[in-house]
Amino acid sequence: MVRLTLIARLVDGLPLAEGLDTDKDVEVDSYKSQAKSLFKQFSHQQQQPPRLSVEITGGKYMFHYLIQQGVVFLTLTDKGYPKKLAFQYLKELCQEFCNLYGSQVDTVSRPYAFIKFDTFIQKTKKLYLDTRTQRNLAKLTDELGEVHSIMTRNIQEVLGQGEKLDSMSKMSSALASESKQYSHRAKDLHRQALLRKYVPLAVIALVIILVMWIRAKFYS
């Protein structure tokens with residue numbers, strides 16, 4: 001069954017809405033930090049698969065996410081919950097959310113700006129609780145082959161890629177900083193070389209001009 005639902009902005013991982021569970025599950029609640037880590041990694045990567053299932057090492061749950069219109073829709077389900085239903089659930093949330101708030105996503109700055117969307121999340125979640133209902137069985141048999149096109153990756157692999165990108169980004173920033181420092185040092189050295197080369201000549205020229213002026217002034 002669906003255990004947790006989070007919606008965030010792709011570009012910076014800002015939480016936009018959440019399925020607020022009335023029954024607090026400490027174990028499931030602990031997965032929120034992993035979900036937020038995923039959002040953070042997504043914001044650092046230029047390209048992400050638009051749909052992905054993410055296995056949690058040693059856990060009994062799985063993350064499924066859908067990216068559309070710059071928004072990440074993510075849910076946590078039991079490992080045995082049908083992948084097809086998980087993505088159908090996310091698709092329904094995506095359609096409604098984008099219809100209501102799509103034009104506002106880029107403008108908000110505070111977390112959970114669309115927390116009222118929880119009402120729709122809870123209503124839709126109830127429809128997907130029982131996988132054996134006629135409605136859900138029909139969804140499972142409809143376009144069954146579509147499920148096989150959805151990749152599954154381990155959470156450590158997903159987060160690990162983000163860490164590599166973070167490292168590369170830091171390395172790139174460090175190289176850029178060193179390059180600027182080298183450029184400044186090179187300009188300083190060039191300026192000092194010019195001073196060493198031309199200042200003595202300028203002094204000699206001034207001395208000659210001064211001597212010529214004194215001769216012209218006092219001995220002509």
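Counting only heavy atoms from C-beta outward, the side chains of Y89 and T75 approach each other to under 4.5 Å. Side-chain contact check for R51 versus Y65: every heavy-atom pair is 4.5 Å or farther apart. Taking 4.5 Å as the limit, some side-chain heavy atom of L16 sits within range of a side-chain heavy atom of V108.
Note on M62: it does not cluster hydrophobically with L6, by side-chain heavy-atom contacts below 4.5 Å among ILVMFWY residues. Linking ILVMFWY residues whenever their side-chain heavy atoms come closer than 4.5 Å, directly or via other members, leaves L14 and V11 in distinct clusters.
Between the side chain of D78 and the backbone N or O of M1, at least one donor-acceptor pair lies under 3.5 Å.
Across F42, F117, F97, a single residue satisfies ring-ring contact (aromatic ring centres under 6.0 Å, His included) together with F73, and that is F97.
Atom NZ of K60 has 12 or fewer heavy atoms from other residues, nucleotides or ligands within 6.0 Å.
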Original post:
Would I7 and F114 count as a side chain to side chain contact (heavy atoms under 4.5 Å, CB included) if you check the C-alpha gap in whole Å, the side-chain angles of each, and the deciding distance to 0.1 Å?
Top reply: CA-CA 9 Å; I7 301 173; F114 310 117; over 6 Å; no
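Under the 3.5 Å distance criterion, with hydrogens and angles disregarded, no donor-acceptor pair is assigned to the side chains of Y128 and Q88.
Considering only residues two or more places apart in sequence or on other chains, Y112 meets the ring pair (Phe, Tyr, Trp, His ring centres under 6.0 Å) condition with none of them. With sequence neighbours left out, F39 forms a ring pair (Phe, Tyr, Trp, His ring centres under 6.0 Å) with no residue at all.
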